[in-house]
Every structure is written in structure tokens, then in C-alpha cells.
Amino acid sequence: MTGNQQATAVAYPNIALIKYWGKRDEQLILPMTGSLSLTLNVHATTTTVQVDQALTADVVEMNGAQMDAVAARKVSVFLDLVRTLAGTAVFAKVITRNDGPTAAGLASSASGFAALAAAAAQAYGLNLSLRDLSRLARRGSGSASRSVFAGLAVWHPGDDQTSFAEPLDSGPLDLAMVMAVVDAGQKSVSSRIAMRRTVETSPFYPAWVEQNPRDLQTMQAAIAAADFTHIGELTESNALRMHATMLGALPPVRYMAAASMSILDLAQGLRGQGVQVYATMDAGPNVKLLCQRPDMPAVVAALRQVLPEQKIVQALPGPGVQVSEVGCA
Ligand code: PMV
């Protein structure tokens, strides 16, 4: 690496259809089981990394202000990893902008660490394959390994070398996702803490570890067969199973709110009327509705009726991470 390099990268969040919940190695961020997700085309994160010989510490800015100390520390720890790979100790300035809400269970950490990994790798002169970029992004946030890729992606469990995400062909599927932003505030318990608590205390967790690989295999077969009904049913049941493991933790982790439940009811009601729509939820009360693109207007109209005040976001499959700008700082 020579001089003061800088690079900018853009990445999008992904929503898991088969969830990742629980680590077998917290340091290396190795998941207990594999997962499968859809990268979206909304709520991008754009991150610039400027390697600067004059800095005496990393400087991290988010949405125009200094990032809070805990989050900035995570960024610095991640940059240490990149610096070790690059064989340098030079600090960097990180400027990041999030188009969507942060830490609200809307996958901001996935887009955030995918963009940071790509920009930092470029700025520090690492020449990584997409597979190695996915492995690197994984070390920031597990789900970020999947945002390296466009559309559908599978993240494999395994060891440090073999745990990466790969793109998956979506064939003739015409997927869409409608997000009901019930609460854009920060979640009460981070996914990191909630996962650990579930693994350590939930009597339901061993059943999840046994069942999730089967769900993943069935999902891959349903995707290969372009069987949307099966894909939707598995998506909803897998999300509810994940939340069931958390409800069994001590103290319990409950992200589902009353409004989340009413959206689950709404999806069920719409299915009764012949609209193929299925719900999924992550580490927060917001609900994402998986449907096929032609059904998106009907899903949005039904949501507006029950949630006239809430933000509704319409998403389609989005691109993988892209380095948009490289240069000297
Ligand atoms: O990668 P993290 O630590 O943000 O965890 C993500 C966990 C879920 O979003 C709940 C599930 C998933 O597979 O994305």
C-alpha cells in the first residue's frame, strides 16, 4: 500500500428468508447454521474510507455527525483486521451515510459492514475475490456476508475459510418485499446479545440447530422449482421459529410488538383473499412482507388501511456491493 488512498463503496441491506440466529464462534462470527437472504434495492449505505498517514486514531462519521463511541469502536476493530491483512498500522477516516433507519432490525448492519469491507479493502490495497470479501464482511456482522451479492444469497456455516456467502440463481421468480416500518427507533437488545442469550439459555435452541439446515435445504429446492407458495410458507414459518427460540431465552427476548402481530394477521387475511404474501421479522418489531411483484400494489394498499401513519417501503431485489470511487485522499 502506498500513500493516502481512498475508496467509496455502496451496499444494500438483505432480509433473510432462512434466518441466521446464533454463533458457534463469536470472535470469527461463524454461524451455527446456514442462512439464505434477499438483497434489496432500498436503504443503501455509502461508505468512504480515507487512509491518512497524518491521523493518530481512526475517525468515524455517520450521517454527518461523529458516530457514537460503541459503534465507532466496532468500526475500528474491523479496520484493525483489514490493517493486519494489509500489513500496515495507518489509521483512516470513515464517512458513512445510511439511507434507512439504523439498528432498527432493518438490516443496516448488513449494508453497513458490506460497504465498509469493500471500501476499506480497496483503500488499504487488498485485492480480494468476492468470496474473500464476503468472509471479511462476515467479521463485521454475520449478515453482511450476504449483502456482498445481488438478489438471493446463501451463507454457508463452516470455519473461517469456508464460511462465506454465494449468490443463488432466482430463475423466473419475480420477488418483491414490502416493509412496514412499525418503529424506526433503535432496537432494545442488539442481535449480538440476543443471539448469545438464546444460545446459552433457550431450551428451544437445540431444536433450531437441528431444524434450520432442513429448512435451508427445502428452501433451496423450492427456489430451484420457482415454487413461490412454498418459498413464502417456509419464509414465514422460519421467522416465527427464530422468534420462538428467543421467547424461550432467559430473560426472554421479544422483538414482536402489537403492531407486528396485526401485520401478521393482515398477511393471513390477504392469503385468504388469494394474495400470496408472507411475513418475516428480524431483530426488531418491523415486518417485511414477501410477495411477487405483480401483487405489490395490493399488499401496499392493504397495509395503508391498517397503518395509515406508518412508513411503507417497497423493495425489489437489489445489487451486490459496488466500489464506486477510488483515488488518492
Ligand atoms: O448479522 P447480525 O448480527 O445483524 O444478525 C442478523 C440476524 C437476523 O437479522 C435476525 C437474521 C438474519 O439472518 O439476517
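Whatever order the structure lists ligands and atoms in, that order sets their numbers, starting from 1.
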Are any of the N or O atoms of S191 closer than 3.5 Å to those of ligand 1?
-> yes
Test salt bridge (charged side-chain N to carboxylate O under 4.0 Å, His left out) applied to E26 and R192, step by step | CA-CA 9 Å; E26 294 217 3; R192 211 167 275 230; over 6 Å; no
Please could you name the atoms of ligand 1 that A16 approaches to less than 4.0 Å, counting only its heavy atoms?
-> 12 (C), 13 (O), 14 (O)
Test of ring centre spacing under 6.0 Å for W155 and Y20 = yes
Cut-off 3.5 Å, side chains only: do R214 and Q217 have a donor facing an acceptor?
-> no
Can a non-hydrogen atom of W155 be found less than 4.0 Å from any atom of ligand 1?
-> no
Determine, stepwise, if the pair Y12 / L40 fulfils side-chain contact (heavy atoms from CB on, under 4.5 Å).
-> CA-CA 6 Å; Y12 288 81; L40 304 178; 5.6 Å; no
For ligand 1, is there an atom lying under 4.0 Å from some heavy atom of R192?
-> no
Is the H156 to F164 ring centre distance short of 6.0 Å?
-> yes
Best match, D282, I15, N238: closest heavy atom to atom 9 (O) of ligand 1 | D282
Does a side-chain N-to-carboxylate-O contact under 4.0 Å join D159 and R24?
-> no
Ligand 1 to S109, heavy atom cutoff 4.0 Å, flagged ligand atoms 4 (O)
Would one find an N or O of S35, backbone or side chain, under 3.5 Å from an N or O of ligand 1?
-> no
Does an N or O from Y20, backbone or side chain, lie closer than 3.5 Å to an N or O of ligand 1?
-> yes
If we number the atoms of ligand 1 from 1 as shown, the ones under 4.0 Å from a heavy atom of W21 are 10 (C)
Decide, yes or no, whether a salt bridge links R131 with E166 under the criterion of side-chain N to carboxylate O below 4.0 Å.
-> yes
Cluster overlap V181 with M256, hydrophobic side-chain contacts below 4.5 Å | no
Going through the checks in order, is the salt bridge (charged side-chain N to carboxylate O under 4.0 Å, His left out) test met by D160 and R135?
-> CA-CA 7 Å; D160 184 33; R135 287 177 52 234; 3.6 Å; yes
Which bit of M195 gets closer than 4.0 Å to ligand 1, counting heavy atoms only: side chain, backbone, both or neither?
-> side chain
Considering distance alone, does some N or O of R146 sit under 3.5 Å from an N or O of ligand 1?
-> yes
Looking only at N/O atoms, are S143 and ligand 1 under 3.5 Å apart anywhere?
-> yes
Sub-4.0 Å heavy-atom contact, S141 with ligand 1 = yes
Under 4.0 Å to a heavy atom of G142 - the qualifying atoms of ligand 1, by number | 1 (O)
